[in-house]
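A short write-up of the structure that comes next.
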Amino acid sequence: MRHFTSVHDIGDLKSALERARFVKENPFADKELGRDKTMLLIFFNSSLRTRLSTQRAAMNLGMNVIVLDVNQGAWKLETERGVVMDGDKSEHILEAIPVMGSYCDIIGVRSFAGLTDKSADYSENILSQFIKYSGKPVVSMEAATGHPLQAFADIITIEEHKKCARPKVVMTWAPHPKALPQAVPNSFAQWSAAAGYDVTVVQPHGYELSPEFTKGCKIEYNQDKALEGADFVYAKNWSVFDDANYGKVICKDMDWTVSEKKMALTNNAFFMHCLPVRRNMIVTDAVIESPQSIVIPEAANRVVSAQTVIKDILKTL
Ligand code: CP
């Protein structure tokens, strides 16, 4: 693997899950692999889990880790070519990226969708420039359209908890006060379909995701109907993908909040969310605190997904 930006980079998913299981059971088995190698983590956006789990994963592999928050302490970066830089941005990304690349062996990048320019977001404007100009392997730590490290951890978690070969997995839209990107639901839909699960995506009308990511998923608009018999409920908010309302919030219907009444429709489903989560918007206190909530082991598996990916890349250096 050279870069890790989507499910297509992981190779055969079954084999990747076996590698992940080895990593989880033997977290320090490859401590020599990363000796004298440096992982640079670049954050254009905030993070708790990705920051800590990716650092921990690299450290488990014996790597040195440098973390840079671009918006706190670094020069403000211009990302558009051809701009007369007479504003508040002191450095162009076209110099900054190769400089960053010269300080490390692998770069992790977090850069969210701006949600104003759909074509810029869906061309992965920032991530693709890191791939083009850094000269180093690039790991997506959530980009504009996908969050593959999260989705890989989600699939690892489902594999650990599933009680049948092909569980019914329902990803449901849920309300949120602010516009959020489609990256997490895009990747979860794509990875869970690739894992061969019986996947349903349920959302209010107008919230359909890109068909590129929901291929192989059933699409529903009635949450109660979708939840019937579910083995896993994955709650997530996302903003509109459709051109006319791209990046907007067009529904805040609290009837979509995942509650005990909703979970009662399922096959005693496990509750999942990538976190951070807005309690009593996305999910009620009772559901997230219930024995069926697996959000903490799900987050813990972020170390496993990151370590599996970084290990694969280190082996190619
Ligand atoms: N799930 C996730 O990526 O969490 P953070 O935004 O805290 O990194």
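Numbering of ligands and ligand atoms starts at 1, following listing order. Note: hydrogens, waters and symmetry copies are ignored here, and every other heavy atom, side chains too, is used.
Because its NZ or CZ atom is not both nearer than 6.0 Å to the ring centre of F44 and within 45° of the ring axis, R110 does not count as a cation-pi partner of that residue. Judged by a 6.0 Å distance limit and a 45° cone about the ring axis, K118 is positioned over the six-membered ring of F241.
Among the candidates Y122, W191, W238, the single residue satisfying the side-chain hydrogen bond (donor to acceptor under 3.5 Å, both in side chains) test with N186 is Y122. When each of T54, I42, I107, V109 is tested with M141 by the rule side chain to side chain contact (heavy atoms under 4.5 Å, CB included), just one qualifies, namely T54.
In this model, no donor atom of one side chain and acceptor atom of the other lie less than 3.5 Å apart for D312 and T308.
Close contacts between ligand 1 and C274 involve ligand atoms 1 (N) [criterion: under 4.0 Å to a heavy atom]. Residue L48 approaches ligand 1 through these ligand atoms, each under 4.0 Å from one of its heavy atoms: 5 (P), 7 (O), 8 (O).
Polar contact with ligand 1: present for T50 (N/O pair, distance under 3.5 Å).
Looking at E142, H273, R302, it is R302 that brings a heavy atom closest to atom 2 (C) of ligand 1. If you check each of H147, Q150, R51 against atom 3 (O) of ligand 1, the one with the closest non-hydrogen atom is H147.
With a heavy-atom cut-off of 4.0 Å, L275 touches ligand 1 through its backbone alone. At a 4.0 Å heavy-atom cut-off, ligand 1 touches R110 through the side chain alone.
Heavy-atom contacts from other residues, nucleotides or ligands closer than 6.0 Å to CZ of R19 number more than 12.
Distance from atom 4 (O) of ligand 1 to its nearest protein heavy atom, with residue and atom name: R49 NE, 2.9 Å.
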